[in-house]
Amino acid sequence: MNAVYTRPKTLDAAGSTYCPGCHHATANKLICEVLEELGQEKNAVAVMGVGCCANSFRYLGTDLIALPHGRPCAAASAYKKCNPDVVTFTYQGDGDLASIGLAETLMAANRGDNITVVFINNAVYAMTGGQIAPTTLIGQKTSTAPGGRIAEEYGYPLHMCELMGQLRAPKYLARVACTDVPNVRKTRASLMKAFKNQLDGKGFSMVEILSNCPTNWGMSALESIEFIENQLIPEYPLGEYRDI
Amino acid sequence: MEKIFVKGCEAVAEAAVRAGCRFFAGYPITPQNEVPEYLARKLPQVGGIFVQAESEIASISMVFGAAAGGTRSMTSSASTGVSLMSEGISALAGAHLPAVICNFQRSGPGISNIQPSQQDYNQATKAHGHGAFRMLVLAPSTLQEAADMTYRAFDLADKYLNPVYLLLDGFTGAMMEPIVFPDPKSDEWILENKASKAGWALFDGNLREERRRAMGGRNDQEPDNIASAEMYERWKGTEVEYEETLTDDAELIITAYGISARFAGAAVKKLREEGLKVGLIRPVKVYPFPEEAFDKLDYTRVRGILSVEMSIPANFAEDVKYAACRRAPVKTCLSSGGNILELDAILDAARELYGSR
Ligand SMILES: Cc1ncc(C[n+]2csc(CCOP(=O)(O)OP(=O)(O)O)c2C)c(N)n1
Ligand code: SF4
C-alpha cells in the first residue's frame, strides 16, 4: 500500500489537547509539514509567550524558547541575530502579539528582523477564558465585554497586516484561514513563503491565520467555521498584503 | 600592566567585552548611557551584537533569547528601567539561563531624578522579580573592582546557570579612575565557551536527537524550586565575599557597600587618626550577605555598628541589623534622593555612637 498522507514526524504522535475542532491543531501540523519539506525541522526554534498558542510547545517537535507574555518577537530577534543559521519563528495569539507584546512585535517588524511570525488571530484571549482582545469584532460578546464590543469603549478591531503594511521593512505579510481545503492549502503556501524568506535572508515575514475558538465563542466547531467565514473574514480580508 | 583612565560605565562595558560578552540589548537611561554607547561602537568590531531595544522589557527578553542560544549576554539600566526588567529577570532565573544585569542606581521612588543613589538594595537582593528566586549580587566600590566583577560575573552566571546582578550607582558610572583591565578572552575561547554549553543551549539542533526547551514553566515546579533553593544555600558557604579593614581591635564598626564604602573608608581613616578604634566591614557581594563578618566580631568590645548607605528609608541597614542580631546597637547614616553622603555626617554619627556606650 502506498501512503498518500502521513502525519509529519515533527508533530507529536500522541495527538493534542486542543479543544475539538480548534484550528491550532491544523496550524501546528502545517508548520511541521513546511519545516520538514524545507529540511529544517531539526534546525528550527519556536519562540512562544503564553496562551493556547503556547500549548503548542507540547506538539511541535522543534527546539523551543518560552518566555513571558508578549515577548516572543524580542527573544526571537535576538536569538536569530546570534544564530543566523537557525530557522527562528514565533507562534503567538492576538493578546500576545497585538496587545501586551505590540511594541515587541511592531519593532521587530520595523527593524526587518529575519524571523518568521505566525500569528493566530482568534479574536479573543482564549486560554484565560475568552476575554476581549484587540482583534475582537464590534458587537462580539466576550466574557469581559458581555454586551459585545463597543467602539466607544474599546475602539475598533486592530488589523495587524494592514498596520504592518505601513512599515517599509517587512518582506511578507499575509492573512489566511483554515476554514476549508483550499484555504488550508493557501495557509500552507503562505507559511512556506514566510519560512523560505527567512532561509533566503530576506527579513521579516508574518502569516496571520484567522483561527477559531469554538470553546470561548460558545459554538460548535462547524458554527465556528461559519463565524470565520461570515464575520471574521469580512472584517479581516484574506490575502497577501506584502510580498517583496 | 598598563593603567587606563576610564569612566565607570566604560569600565563595565569594556570588561564585559573582554569577558566574552557578545550580545547586549538596552534602552537609553541616565546615568548609564555610556554603557550602550560604548558597546554600540565596540561589539560590532569583535563580531558581537548590539541592539538598542524598544524598552527594558524588550531588552531583557532579547537577553533571554541570546542566552538561550549560549551567547554570553548582558543588559544594563538604572532603577526605573530595572523595575521593567523584573519580568524577564524572573524568567531567566526560572529557565536557568546565564546573563548579566547591571543597575546603575539612581534616585527613587518612581521616576524621581537621575542623581546617584543606593535605593534599589532591597529590590536587588530580595525582590528582583516575582516567584522567590535569588541572584548573586556584586557591589563594586572602585572602578577596578567594577571591571573585575563584570568580568567575573559572566563566569558566575555560566557556573550557576542563573542571572548575575551588578549593583552599581550613578556615581560609580560617572566617575573616572585609572584601572588595569583583565585580559580579553580570545575568539577561540569564546567559541569553546559556547561549545561548553552544548548540554543545554539551543544550537546544533541537527546534531542531536533530543529537542531542547529554554523555558521556566513546569507543571512539576516544586522539585526545581527545591534544587534552586539548595543552590542559594550553598552560596552561603562558597560565594560570600567581604572586606574587613582594621576590625581586629575595633570598638566601632562602620559598614557600607559600593560607593558608600568609599566614604565609610575615608571616615575610618580620619577616626583612626583621632585615636578612635574604628574598623570597616564592606560586603563585596551583597547577596549572599556576609553574616559571618558580623558573627566574627567580639561584641564585648564593639560598642556599636554604624550602617552607611545612600538610601532613605534604609535598606542595607536591615540586613546589618539582622546579621548583628541585637548583639550591638546599629545606627544609620543616610542620604537619598540623589544627595551624596557627607563625610562630616558620617564622622559625627560615628563619634556619637563611639561615645554612647
Ligand atoms: C504578564 C501576563 N499577563 C497575563 C497572563 C495571563 N494570560 C495567560 S494566557 C493569556 C491570554 C492569551 O491570549 P492570546 O495571546 O490571544 O492567546 P490564545 O490563548 O488566544 O492562544 C493571558 C492574558 C500572563 N500569563 N502573563
Ligand atoms: S480554548 Fe479556544 S483556542 Fe484554546 S484550544 Fe480551545 S478552542 Fe482552541
Side-chain angles (χ1 to χ4, degrees), chain A residues 9-12 17 32 35 39-51 54-55 57-88 90 96 100-111 113 115, chain B residues 22-25 27 43 47-73 75 85-92 94-95 97 99 129-131 194 200-219:
Chain A
K9 58 184 188 315
T10 311
L11 192 67
D12 193 84
T17 55
C32 292
L35 287 173
Q40 298 297 323
E41 73 278 9
K42 294 188 76 181
N43 183 44
V45 173
V47 188
M48 293 173 200
V50 303
N55 262 340
F57 86 84
R58 298 173 212 279
Y59 318 121
L60 293 176
T62 63
D63 280 355
L64 169 84
I65 292 175
L67 78 167
H69 199 14
R71 318 300 170 217
C73 279
S77 294
Y79 179 85
K80 181 70 183 182
K81 282 176 200 281
C82 294
N83 303 273
D85 298 332
V86 182
V87 174
T88 309
T90 72
D96 203 78
I100 195 168
L102 183 61
E104 285 79 358
T105 311
L106 269 187
M107 296 305 273
N110 196 40
R111 286 189 299 262
D113 290 336
I115 58 172
Chain B
R22 288 297 177 267
F23 182 88
F24 178 94
Y27 187 83
L43 276 175
I49 287 154
F50 168 87
V51 184
Q52 179 172 314
E54 51 273 28
S55 69
E56 288 83 356
I57 299 177
S59 304
I60 195 79
S61 303
M62 288 180 184
V63 164
F64 191 107
T71 300
R72 282 196 156 184
S73 308
T75 184
M85 291 187 184
S86 297
E87 171 189 83
I89 297 174
S90 176
L92 285 163
L97 290 175
H130 63 281
K194 183 163 178 173
W200 59 265
L202 273 57
F203 56 82
D204 286 342
N206 280 318
L207 306 181
R208 56 184 148 79
E209 268 316 303
E210 99 283 6
R211 300 293 92 202
R212 294 260 166 86
R213 289 169 179 177
M215 66 188 290
R218 289 169 192 81
N219 285 338

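The sequence lines fix the lettering, A, B, ..., with proteins before strands; numbering per chain opens at 1. Since this is a predicted model, take the numbers as computed values, not measurements.
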Q: Output the option from Ala54(A), Ala75(A), Ala44(A) having the highest count of non-hydrogen pairs under 4.5 Å with chain B.
A: Ala75(A)
Q) Do the non-hydrogen side-chain atoms of Met62(B) and Arg71(A) ever get within less than 4.5 Å of each other? A) no
Q: Given side-chain contact (heavy atoms from CB on, under 4.5 Å), test Arg211(B) with Leu60(A) step by step and report yes or no.
A: CA-CA 10 Å; Arg211(B) 300 293 92 202; Leu60(A) 293 176; over 6 Å; no
Q.
To the closest 0.5 Å, what do you measure between CE (Met215(B)) and CZ (Phe57(A))?
A. 4.0 Å
Q | Between CD on residue Glu54(B) and CG on residue Leu102(A), distance to nearest 0.5 Å | A | 10.5 Å
Q.
Please identify, among Asn43(A), Asn110(A), Val47(A), Val50(A), the residue contributing the most non-hydrogen atom pairs under 4.5 Å to chain B.
A. Asn43(A)
**Q.** Separation between CD1 of Ile60(B) and CG of Leu67(A), rounded to the nearest 0.5 Å
**A.** 10.5 Å
Q. In terms of heavy-atom pairs under 4.5 Å with chain B, which of Ala66(A), Gly61(A), Gly70(A) leads?
A. Ala66(A)
Q | Spacing of Phe203(B) atom CZ and Tyr79(A) atom OH [to the nearest 0.5 Å] | A | 8.5 Å
Q. CG/Asn206(B) to CD/Glu41(A) distance, rounded to the nearest 0.5 angstrom?
A. 8.0 Å
Q | Gap between atom CZ of Arg212(B) and atom OG1 of Thr62(A) - 0.5 Å precision | A | 13.5 Å
Q. Tell me, side chain or backbone of Gln40(A) under 4.5 Å from chain B's heavy atoms, or both, or neither?
A. neither
